[in-house]
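Values below: all heavy atoms of this structure, side chains included; hydrogens, waters and symmetry mates excluded.
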Amino acid sequence: MCELLGMNSSKPAALNFSFAGFSERGGRTGVHRDGWGIAFHEPSGCRLIIDHRPSIDSPLAHALKDHPVKARNVVAHIRKATQGEVAPQNSHPFTRVLWGTTWSFAHNGDLSTFRPAPDPHFTPAGETDSERAFCYLLAGLRRRFPVQPPSRAALFTAVQTMAALIARHGSFNFILSNGDFLLAHCSTQLHYVVRAYPFASASLVDCDVQIDFRQHNHLDDQIVVIATLPLTTGEQWHAFAPGELKLFAGGAPQAVHPGPGSDSGSKPLRLLMSY
């Protein structure tokens with residue numbers, strides 16, 4: 001299976017410490033040698049970097065460690081192929097534009113029986129089940145809210161409903177972001193840690209690197225890091241429950257309470273399959 005990494009921050013922040021440990025799993029401490037990628041949501045737009053080579057051998061991955069990019073939301077992935085050849089078009093994250101905003105998506109799992117009917121607005125460029133699921137999610141949101149983006153609560157409910165339908169076809173751990181907030185869904189395993197005052201020290205699990213976050217952050221900084229498996233020791237990681245969807249904004253998990261009429265005017269969701 002693949003592994004996921006995501007970040008949501010109250011301010012633009014660099015993910016280089018966590019990415020240093022994560023990238024080790026792409027060929028050195030893990031078997032995820034079939035490509036990697038990372039999407040940075042910056043004020044100017046979404047910057048996507050993908051490579052079909054293992055992250056441990058990738059010059060692009062090494063360059064990111066030396067020249068980190070700051071962003072409020074980041075989605076990253078290392079791949080162990082289950083569907084689709086090892087090729088750039090099958091490397092996660094995938095990006096698409098919905099309501100004038102670029103969304104990024106990465107998936108861990110295998111949706112072996114997932115064959116949704118094609119949608120003319122969101123067509124996969126590669127052969128992966130992951131990209132099919134991403135296109136299905138965005139197509140479903142567009143059908144449900146065709147004119148403009150809904151409230152966070154209504155969007156959360158729609159994604160939660162579609163994720164449950166897709167997860168019937170296998171394992172569906174994913175991270176999805178529009179640059180404003182980040183959604184993370186757990187089918188089997190996913191974890192997160194909140195880094196905030198008073199900051200702690202931490203050590204990477206996959207290599208001999210330590211950091212004292214007190215030396216690198218201000219009192220009002222707050223960052224959430226999401227990963228398939230904990231990346232560090234010395235700080236508290238929280239496990240998602242199977243089937244759980246969480247929304248992160250401002251560097252913290254947010255409680256989402258759909259209010260009256262949050263789905264007003266929306267269209268019903270159906271999983272149309274094509275075999």
Transitive ILVMFWY side-chain link [X] to [Y], under 4.5 Å:
| X | Y | answer |
| --- | --- | --- |
| L141 | V147 | no |
| L245 | F134 | yes |
| I166 | L98 | yes |
| F40 | V224 | no |
| L137 | F181 | yes |

May I ask you to test the [X]-[Y] pair for a side-chain heavy-atom distance under 4.5 Å?
| X | Y | answer |
| --- | --- | --- |
| P150 | W99 | yes |
| L5 | L231 | yes |
| H185 | E244 | no |
| Q210 | S201 | no |
| M7 | I223 | yes |
| L4 | L190 | yes |
| L15 | V225 | yes |
| L182 | L247 | no |

Results of salt bridge (charged side-chain N to carboxylate O under 4.0 Å, His left out) for K70 - residues two or more places apart only: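 For K70, no residue satisfies salt bridge (charged side-chain N to carboxylate O under 4.0 Å, His left out) once neighbours in sequence are set aside.
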With sequence neighbours left out, what residues match R72 under salt bridge (charged side-chain N to carboxylate O under 4.0 Å, His left out)?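 Result, salt bridge (charged side-chain N to carboxylate O under 4.0 Å, His left out) vs R72: none returned.
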Nearest-0.5 Å distance that lies between atom [atom1] in [X] and atom [atom2] in [Y]:
| X | Y | atom1 | atom2 | result |
| --- | --- | --- | --- | --- |
| C2 | H77 | SG | NE2 | 3.5 Å |
| N178 | L176 | CG | CG | 7.5 Å |
| Q215 | F199 | CD | CZ | 11.5 Å |
| I211 | N16 | CD1 | CG | 7.0 Å |
| I50 | R79 | CD1 | CZ | 11.0 Å |
| D34 | I78 | CG | CD1 | 10.5 Å |

Not counting sequence neighbours, list each pair that qualifies as a ring pair (Phe, Tyr, Trp, His ring centres under 6.0 Å) and has a residue in residues 228-253.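 Every pair satisfying ring pair (Phe, Tyr, Trp, His ring centres under 6.0 Å) with a residue in residues 228-253: Y192-H238, Y192-F240, Y192-F248.
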Does any donor atom in the side chain of [X] or [Y] lie under 3.5 Å from an acceptor atom in the other side chain?
| X | Y | answer |
| --- | --- | --- |
| N90 | E127 | yes |
| H191 | T228 | no |
| D110 | Q83 | yes |
| R152 | Q254 | no |
| E235 | T232 | yes |
| R195 | S18 | yes |
| S58 | D51 | yes |
| T113 | H169 | yes |

Provide the closest heavy-atom pair for [X] versus [Y] in the form atom of the first, atom of the second, distance.
| X | Y | result |
| --- | --- | --- |
| G37 | P93 | C-CD, 3.3 Å |
| E3 | F22 | O-CZ, 3.4 Å |
| S177 | V75 | CB-CG2, 4.0 Å |
| A87 | H52 | C-CB, 3.9 Å |
| S9 | A71 | CB-O, 4.4 Å |
| P68 | A14 | CB-CB, 3.8 Å |

Name the one of F122, F174, F94 that satisfies ring pair (Phe, Tyr, Trp, His ring centres under 6.0 Å) with F105?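 For F105, the ring pair (Phe, Tyr, Trp, His ring centres under 6.0 Å) test succeeds with only one of F122, F174, F94, which is F174.
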Contacts of T233 that satisfy side-chain contact (heavy atoms from CB on, under 4.5 Å) - sequence neighbours left out: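 Only S203, V205 meet the side-chain contact (heavy atoms from CB on, under 4.5 Å) criterion with T233.
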Taking only residues two or more places apart in sequence or in another chain, which ones pass side-chain contact (heavy atoms from CB on, under 4.5 Å) with H121?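 D119, R142.
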Check whether any side-chain N or O of N173 sits under 3.5 Å from a backbone N or O of C186 as a donor-acceptor pair, and report yes or no.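 Side chain of N173 to backbone of C186, a donor-acceptor pair under 3.5 Å: no, none is there.
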Look only at the side chain of Q89 and the backbone of A125, and say whether a donor-acceptor pair between them is shorter than 3.5 Å.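 Such a contact is absent between Q89 side chain and A125 backbone.
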Working note: R33 + D57, criterion side chain to side chain contact (heavy atoms under 4.5 Å, CB included); need CA distance, chi angles, decisive distance, verdict. CA-CA 9 Å; R33 297 188 58 87; D57 299 328; 3.0 Å; yes
Residue pairs fulfilling salt bridge (charged side-chain N to carboxylate O under 4.0 Å, His left out) with at least one residue in residues 204-226, sequence neighbours excluded: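 Pairs touching residues 204-226 that pass the test: K11-D220, K11-D221, R25-D206, D212-R214.
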Are F172 and H107 an aromatic pair by the rule of ring centers under 6.0 Å?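 Yes; H107 has its ring centre under 6.0 Å from that of F172.
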Please walk me through it: do T101 and W103 pass side chain to side chain contact (heavy atoms under 4.5 Å, CB included)? CA-CA 6 Å; T101 298; W103 294 71; 4.2 Å; yes
Does D129 come within less than 4.0 Å of R115, counting only side-chain N to carboxylate O?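 Looking at D129 and R115, the cut-off is not met.
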